[in-house]
Structure formats: C-alpha cells, structure tokens
Amino acid sequence: MNWISNLFFGEGIAHTALVFALVIALGIMLGKIKIGGISLGMTWILFIGIIFSHFGMRIEPNTLHFLKEFGLILFVYAVGLQVGPGFFSSFKKGGLTLNMLATLIVLLGVIITYIIYVITGLPITTMVGILSGAVTNTPGLGAAQQAYADMSGTNDPTIALGYAVAYPLGVIGIIFTIIIIRYIFRINLSKEQQQDSNEGNQEQRAKHLSVVVKNPALFGKNIAEITRLIDKHFVISRIFHNNTVEIPNSQTIIKEGDKLLIVTAIKDIDTVTAFLGQIIVMHRAEWEKLDSHLVIKRLIITKSDINGKRLGQLNLRMNYGVNVTRVNRAGIDLVAQSSLQLQVGDKLTLVGTEEATDKVAEVLGNSLKQLHEPNLVPIFIGIFLGILLGSVPFMLPGIPQPVKLGLAGGPLIVSILLSKFGPKYKLVTYTTASANLMLREIGISLFLAGVGLGAGEGFVSTIIDGGGYAWIGYGVIITILPLLITGIIARAFFKINYFTLMGLLAGSTTDPPALAYSNATADNDLPAVGYATVYPLTMFLRVLSAQLLILFLA
C-alpha cells in the first residue's frame, strides 16, 4: 500500500496533480455553502490547501511556485479582458465621482495599514497580507508576493498567512458596513427604488420612442441636413408618411406631421424630441403592423475583417437598404451612430427586407459557431506582452530597488489595453462570457490552492503562538473604517443612491459575495452598475498599492 502513501504524501507529477485537484474540488464544494446568506466562495480553496499542507500533503517548491504564478497570470489577464472595454468610459460623468470615492477607500486602507504597521511593529509583509485579506483582493496578494520575491529573492509566508487570517471577517465586514450605513441614514429601500435609476452608465443606453415632426425649421430638409443641426446622436429607424412606412436614408425628405421611430441615448431624449417635435404614444407593436413587409433581425459580427471598423464605413443603408437601429455590446444597447467602432461579438439590430438582411448577414458573418471558437493567439500574445511589461524594471525616487509591475500588474494592464484598443488594430480579443469565466476560475483556483499549500505548514503556530488573533482585529479595522468613512461621505455630501452605493462599496473591495448580497437586497441592476464602474480602477490600484507598500517599506 506504499503507492497510496506516495500518491498523497510523496512527490512527482501524479502527486501534484492529485493534491491540486482534491484541494480545488473540496474548496469549490464548500464554497457553495451559505451561512446567513453569506458564503466565502472560492476562498475555501485557500483554507483547504492550508489544512492539507498542515497535515503533510505538500508540493515540491518550484512546481508549486510555477502553478501558483501561472494561475495568477490567467486570472488577472481574464479580469482585464472582462473590464477593459468599460475601463476608460467608467471615468465619465457620474462614474468619475464613484471612482474618486473608490480611490479614497483604497487610499484610506493603505493609510490605516501603515499606521498599524508603525504602532505594532509588525513586518510590512504581514500587514500587506492582512490588507489584501481584509479587502478580499487576491491579485493584491499575488502582487505583494511577487514584489517581495523579486526584491529579496525569497518568499515570505506571512503574506499569505495574513491574507488567510483576515479574509473571512473581511467578507463579513464589507456586508456589515453596507447594513450599518443603511441604518445610520435610515434608508427606506422602497423610496430608493422610486428614485431615478437612470444614473451612471445607464444614461448611455439606447431607447426607442415615437416622435411627430413639428419643428418648421426641419420641413423640407433631408435627414443628413437635420442630423448636422444638432449635436446629439439619434437614429431614425423608420418614418411613416404618405400612409406608408419606409426605411429612411440620408436623402429622405422630412415633412410636417411625419411620424418617426427614433433610437437615442436616454440622456438625450429631452433634447432630441424637443428638436424634432413631440413624443407621441405609438408602441413598437404598432410600427411592426404597419411595416409588415419589413423584418427585424439581430445579427452578430463574427468576421474578423469587420473588427475595428466604424459603423458608417459599412454603408449598410446605402448598399443594402437596411437600417441599423442599435448595437448591443456586453448586454448594453448602444446608439448606432456612424462613428461607433465595431467589435467582434457586437449584435446589430437591423430593419429591412428579408432579402436585404440576409445579404447583410453574409457581410457581418453571423456565425455562432465561429464566435464560440476561442481566439487563443491574442490571449497568449497578450500574456507574453504582459509578462514582458511586468518584468521591466524602472526606478522611483526614494526606492533603492527598481520597481516592476510584476506578474499581476503587467498582464492586467496589457489585457485592459488590448480589450479596449485591440479592435482598432484588427486584433480580435473577444471571448465569450463562459470562456472568460472558465479561464478566470481555473486561474484563481490554481493560485489559491498554491497559496494555501505553501502557507499551511506554519499557519496553526502563527495563530496560536505568533499573535494571529490580533491580526484578525487589524483586518477588521482595515475593512470597516475606510468603507464606513467613504460611505458616509458618499451619502451625506454626494447624495448617491443607496443601491449604487452598495455596488460602490462592493466594487472598491472587489468582493463578489458583497455584490451578491447587494443584488439580492436591491432587486435591480444599480448595485451591479456601481460595482462595474469602479471595479477596473480599484483592481489596478489594489495591485499597485500592495507592491508599493512592499517596495517602500520592506
């Protein structure tokens, strides 16, 4: 029976694969258990790894280090692909305020960590681990470990130990703070629900409405002339005049009393309708009865040569007699303006004859099979460039060691940039939501298992003999104080809707369990919008700040 003992407690590829598979499987199963509606999720993988390591199921150090770092690369790269398209737009208008508040949360967390470090004399490596666990940010943990290893040539297990000790109450503390703010301001959820929900990114979304033309300045002018008269984007999907429904083109003449079915951004509705005439009650079902000779189709861009082109370059209206009314990207409808840059995976809603829309389908591709095929070349090119960028040393004043973005920061930045600007250079970075999630979950599973298996040997002694109980208290302070201070400022001075505030607090700690609690409480998508708005910048700042604390103070 020695082979069983060697398989579980020995060395080699079979032992490594078996232990990782067992740790990850058990961790994921335990992560589905909820207590009081709260779950630690995949962080159970970390704790199972610690338990296995404590009882002697360990991995050869070089193999463990490779699997852990490779998992981290996959995870942060997939995160960057996910958040990249919305990273820069998240700074616009209401998003700027939310991102400033999220930055304040990150800054306060770093300041409190530094104060505790000065008062207690704990090593900064331990404090950075506690900080990463308190704000439930795994990439920050990876960045800190990488920065310390690059600087000293060795690994410090207290980084992972501090993370593991602080994480459980970090998850609970975030949700607890959200609840406390609700009671401080005596927030009535029903009243919050009634408030205008068209905030943040929602005002960029497209909306259909019917308008009758009453502006004398527009009578006798064609659509091309009319669109030049107003600095707002709208699309005239169909026009009803002379008792017929037509798909207009740029030369279609507008007359008094014409009824228009238009698509415009929510934020521009009042301006556009006042410019054209007035809104009338005419539902889309009525338009569909009138234009029975036309069809409405939603086609998907799957041809790589369309990637990066502007909608106007396709000349679909002039060449095929169809009208693109809106473009759906990542679940959000955008106004189909001619300057909109298209990406593989965009869904175009068209109105036209059956024959014309079939021809356009050939132009765009519209092949789900092709869309579901993974684009592996851009992924590995991006990882290559990310590692290259993360390995470039550069000097900062006051730091004796050169700073590197590391295996967390480099791939994260490159993936954000590629997902945003790749289409402009004909690089297809599209991955389906399921493929991105698979890549992300495999990466984080490998990383957490690696961290746990590497930290388990000294975990119990650290808690019992090394003052680990105090670490829990420090983590609670780092979790709650920044969120509570910023939450009060956001509500009292910026009058931010409570549901959006819930998403802000969850996103500034990159904490999915807190977002799940917020979504269940709100029963709308405002928490998700707030979370997505601040998540990209917060993730970047968490990774950067963890490294800087190590480099400045270690």
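A quick note: this is a predicted structure, and the numbers were derived from the prediction, not measured.
A distance of 10.0 Å separates CD1 of Ile130 from CG of Leu161, quoted to the nearest 0.5 Å. Taking CG of Leu141 as the start and OG1 of Thr136 as the end, the distance is 11.5 Å to the nearest 0.5 Å. The CG atom of Leu364 sits 8.0 Å away from atom CG of Leu342, with the distance rounded to the nearest 0.5 Å. Distance check, rounded to the nearest 0.5 Å: CD1 of Ile478 to OG1 of Thr509 gives 13.5 Å. Residue Ile116 holds its CD1 atom at 4.5 Å from CE of Met127, rounded to the nearest 0.5 Å. The structure places CG of Leu18 at 13.5 Å from CD1 of Ile13, a figure rounded to the nearest 0.5 Å.
Counting heavy atoms from C-beta on, the side chains of Phe20 and Leu64 come closer than 4.5 Å. Gln547 places a side-chain heavy atom less than 4.5 Å from the side chain of Val543. Residues Glu60 and His15 fail the side-chain proximity criterion, which asks for heavy atoms closer than 4.5 Å.
Partners of Thr486 under the side-chain contact (heavy atoms from CB on, under 4.5 Å) rule, at least two apart in sequence or in another chain, are Leu101, Leu104, Ile105, Leu108.
Ser508 contributes a side-chain N or O that, together with a main-chain N or O of Leu505, makes up a donor-acceptor pair within less than 3.5 Å. Looking only at distances, no side-chain donor or acceptor of Glu441 sits under 3.5 Å from a matching main-chain atom of Met438. With hydrogens and angles ignored, the 3.5 Å screen pairs a side-chain donor or acceptor of Ser53 with a backbone N or O of Leu453. Without hydrogens or angle criteria, Thr126 side chain to Leu122 main chain gives no donor-acceptor distance under 3.5 Å. A distance-only check finds a donor-acceptor pair linking the side chain of Ser545 to the backbone of Leu541 [under 3.5 Å]. Here the side chain of Thr479 pairs a donor or acceptor atom with the backbone of Ala134 at under 3.5 angstrom. Judged by distance alone, with hydrogens and angles left aside, the side-chain atoms of Thr63 form no donor-acceptor pair with the main-chain N or O of Ile59 at under 3.5 Å.
What you find for Ala78 and Leu439 is that their closest heavy atoms are CB-CD2, 4.0 Å. Contact detail for Thr177 and Leu484: the closest heavy-atom pair is CG2-N, 3.7 Å. Nearest heavy-atom pair across Leu131 and Gly109 is CD1-O, 4.0 Å. Pro482 approaches Ile477 most closely through the heavy-atom pair CD-O, 3.8 Å. Smallest separation of non-hydrogen atoms from Ser445 and Ile28: OG-CD1, 4.4 Å.
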Exercise. Apply side-chain contact (heavy atoms from CB on, under 4.5 Å) to Phe447 and Ile73, showing your working.
Key: CA-CA 9 Å; Phe447 176 75; Ile73 291 169; over 6 Å; no
Take Leu26 and Phe52 through the side-chain contact (heavy atoms from CB on, under 4.5 Å) test and state the conclusion after the steps. CA-CA 11 Å; Leu26 288 175; Phe52 276 37; 3.7 Å; yes
- Message: Apply side-chain contact (heavy atoms from CB on, under 4.5 Å) to residues Ile383 and Phe70 and explain how you reach the verdict.
- Response: CA-CA 10 Å; Ile383 289 175; Phe70 183 65; 5.6 Å; no
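Ring geometry, Tyr114 versus Tyr117: the interplanar angle falls from 30° to 60°, so the pair is classed tilted.
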